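For reference, the structure discussed in these notes is given below.
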2 protein chains.
Amino acid sequence: MPTVSSEELAAAAGVNSAKLRKDFSYLGSYGTRGVGYDVEYLVYQISRELGLTQDWPVVIVGIGNLGAALANYGGFASRGFRVAALIDADPAMAGKPVAGIPVQHTDELERIIEDNGVSIGVIATPAGAAQQVCDRLVAAGVTSILNFAPTVLTVPDGVDVRKVDLSIELQILAFHEQRKAGEESAAAAADGAAAPAARRTPSTDQGPDGDVPAVMPA
Amino acid sequence: MPTVSSEELAAAAGVNSAKLRKDFSYLGSYGTRGVGYDVEYLVYQISRELGLTQDWPVVIVGIGNLGAALANYGGFASRGFRVAALIDADPAMAGKPVAGIPVQHTDELERIIEDNGVSIGVIATPAGAAQQVCDRLVAAGVTSILNFAPTVLTVPDGVDVRKVDLSIELQILAFHEQRKAGEESAAAAADGAAAPAARRTPSTDQGPDGDVPAVMPA
DNA sequence: CCATCTTTGTGCACGCGTTCACAAAGACAT
DNA sequence: ATGTCTTTGTGAACGCGTGCACAAAGATGG
Ligand SMILES: NC(=O)c1ccc[n+]([C@@H]2O[C@H](COP(=O)([O-])OP(=O)(O)OC[C@H]3O[C@@H](n4cnc5c(N)ncnc54)[C@H](O)[C@@H]3O)[C@@H](O)[C@H]2O)c1
Ligand SMILES: NC(=O)c1ccc[n+]([C@@H]2O[C@H](COP(=O)([O-])OP(=O)(O)OC[C@H]3O[C@@H](n4cnc5c(N)ncnc54)[C@H](O)[C@@H]3O)[C@@H](O)[C@H]2O)c1
């Protein structure tokens with residue numbers, strides 16, 4: 001029976017092993033003391049808890065540059081998401097296939113969502129149309145929205161919105177970059193002539209977690 | 001002189017006003033008691049602290065579906081980012097303009113970064129090529145990377161990586177969705193027949209912040 | 001069956017960000 | 001000037017996630 005210890009997993013993920021064990025304990029995933037966790041069982045438990053065992057139909061609204069890229073992206077299917085429909089307001093696009101799926105007109109939005117039991121919607125329209133599209137999605141029964149438009153969406157209680165703002169991602173990088181530049185004086189003598197030597201532990205914290213350090217007065 | 005109070009800003013942003021005031025106090029942004037904050041001065045202070053006053057040259061590597069969408073995206077320029085170059089390994093793409101910018105071959109990568117003083121790179125290549133591209137970017141002097149490939153990148157200390165994993169965004173939504181479904185019994189009598197009534201406060205927390213609730217034993 | 005060794009599960013303490021609550025500051029009217 | 005009224009700035013309390021440290025569990029070998 002293939003097993004892993006919390007220590008091994010923690011090292012691979014770059015996190016503390018105690019945290020990892022405690023998280024697992026919440027799932028009720030029992031490991032075996034002295035041995036570790038049964039890999040297969042662990043994977044199953046986590047998948048189930050995360051909702052990866054069922055597949056979720058999603059609709060993408062706004063098939064422009066970004067929407068088309070998303071439609072073409074194979075990474076969704078492999079994680080249990082199925083693109084149920086592509087929707088765009090442009091009549092010229094109706095019927096035209098993108099990634100093998102014919103684009104449907106916005107008029108069909110409500111019917112599509114109902115017919116397919118869609119509860120997750122992706123908004124990739126221009127910012128100006130986002131709220132309006134959002135309202136229609138919600139009215140039709142969608143309760144989770146992934147929003148790429150640079151707008152704060154207003155939704156009723158019970159509806160989840162996640163906003164992906166790529167500009168902000170870059171801004172966070174730029175912010176840190178600026179910080180680095182400001183530390184030239186202190187760090188100057190510490191590193192020698194560049195030569196990015198290999199560091200073979202994955203860098204901790206490369207997720208979109210809120211990790212902008214507090215801005216203390218310098 | 002146009003001003004805003006912390007209370008107004010907090011309501012608009014959906015956060016606590018005290019937090020907002022405390023955050024501002026770290027910037028040294030002095031408001032006027034009894035009045036609020038001078039809008040113009042506040043915007044300037046925040047912009048400066050966030051690094052929005054200078055513009056940052058960025059390179060995008062991997063001009064496929066996603067890379068092309070990013071290149072076409074106007075939202076970057078408006079936040080002070082300038083696409084210095086588009087880079088792809090496919091010889092067939094070299095010279096072909098995307099979003100008005102000619103694609104350059106990977107061979108030019110080091111030269112481009114050096115010539116333009118680029119410190120921020122965007123990786124939109126397939127997962128298999130990401131680490132290799134990352135290594136070259138870092139070796140050439142890039143110290144901040146926005147990674148769209150579904151891989152954990154290994155980088156030397158001093159280099160920041162932000163990973164944008166769209167599948168995970170969907171997974172988080174699906175996770176919450178699953179939770180909602182599990183609460184049917186308790187919430188059944190509480191809401192009546194749907195009718196998503198307008199709630200005119202922007203929903204708190206729609207950012208990609210780590211906000212997955214602890215998974216307590218049910 | 002007992003001893004030893006590994007690894008889990010978790011109580012507890014620490015640190016940090018959030019929120020409360022209020023004194024002080026300043027605008028504005030009288 | 002003086003008083004009132006609004007809003008800031010911040011000390012202190014709170015809550016929560018993280019990490020430490022260790023007892024208990026169980027495997028494994030003698
Ligand atoms: N392209 C990017 O890399 C990128 C990055 C970050 C954010 N965004 C945001 O994503 C959104 C889309 O970007 P894009 O580059 O694909 O834009 P785009 O103009 O290429 O595509 C927008 C699409 O939405 C459709 N549309 C417009 N109104 C609609 C409506 N009411 N209902 C349905 N469809 C409608 C248009 O017909 C068009 O096909 C924008 O809000 C943009 O700010 C894009
Ligand atoms: N399309 C999406 O919506 C989406 C969403 C999430 C994540 N991603 C990820 O983003 C990446 C790109 O996705 P895509 O859909 O644009 O793929 P794509 O295949 O359309 O584009 C990849 C591009 O990278 C180029 N490339 C390959 N190796 C390279 C190298 N070593 N150096 C430079 N360029 C190289 C290819 O020539 C191609 O143009 C993938 O890792 C994918 O998993 C994409």
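As a basis for the values below, the full set of heavy atoms in this structure was taken, side chains included, without hydrogen atoms, waters or symmetry mates. Below, read A as the first sequence line, B as the second, and so on, with proteins coming before strands; counting in each chain starts at 1. Since the structure is predicted, the reported quantities are computational estimates derived from the model, not experimental observations.
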Under 3.5 Å donor-acceptor, T32(B) side chain and V35(B) backbone: no
Whether Q131(B) side chain and T154(B) backbone form a donor-acceptor pair below 3.5 Å: yes
Rounded distance in Å - [atom1] ([X]) to [atom2] ([N]):
| X | N | atom1 | atom2 | value |
| --- | --- | --- | --- | --- |
| E8(A) | dT8(C) | CD | P | 9 Å |
| L20(B) | dG17(C) | CG | C1' | 14 Å |
| Y30(B) | dG9(D) | OH | P | 8 Å |
| E7(A) | dG9(C) | CD | P | 14 Å |
| D23(B) | dT19(C) | CG | P | 10 Å |
| Y26(B) | dT8(D) | OH | P | 17 Å |

Results of ring pair (Phe, Tyr, Trp, His ring centres under 6.0 Å) for F148(A) - residues two or more places apart only: none
Residues that Y41(B) engages under side chain to side chain donor-acceptor pair (under 3.5 Å), provided they are two or more places apart: Q45(B)
Sequence-distant partners of Q171(A), side chain to side chain donor-acceptor pair (under 3.5 Å), two or more places apart: none
Sugar-phosphate, base or nothing in reach of S17(A), heavy atoms under 4.0 Å: nothing
Touch class at under 4.0 angstrom, heavy-atom based, for F24(B) against every strand present: nothing
For nucleotides 19-21 of chain D, tabulate all protein N/O to nucleotide N/O atom pairs closer than 3.5 Å, reporting atom names and distance.
from, atom 1, to, atom 2, distance (Å)
dG19(D), O6, K22(A), NZ, 2.7
dC20(D), OP2, N16(A), ND2, 3.0
dA21(D), N6, R21(A), NH2, 3.3

Pair R179(B)-E49(A), salt bridge (Lys or Arg N to Asp or Glu O under 4.0 Å): steps then yes or no: CA-CA 10 Å; R179(B) 290 250 141 174; E49(A) 191 66 42; 3.7 Å; yes
Partner of I87(A) by side-chain contact (heavy atoms from CB on, under 4.5 Å), out of I60(A), T125(A), I112(A): I112(A)
Stepwise side chain to side chain contact (heavy atoms under 4.5 Å, CB included) check, N147(A) with C134(A): CA-CA 9 Å; N147(A) 177 34; C134(A) 172; over 6 Å; no
Pairwise side chain to side chain donor-acceptor pair (under 3.5 Å) hits with a residue in residues 71-89 of chain A, at least two apart: none
Any S6(B) side-chain nitrogen or oxygen under 4.0 Å from OP1 or OP2 of dT8(D): yes
Members of residues 32-41 of chain A that approach DNA chain C, where some heavy atom sits under 4.0 Å away: T32(A), R33(A), G34(A), V35(A), G36(A), Y37(A)
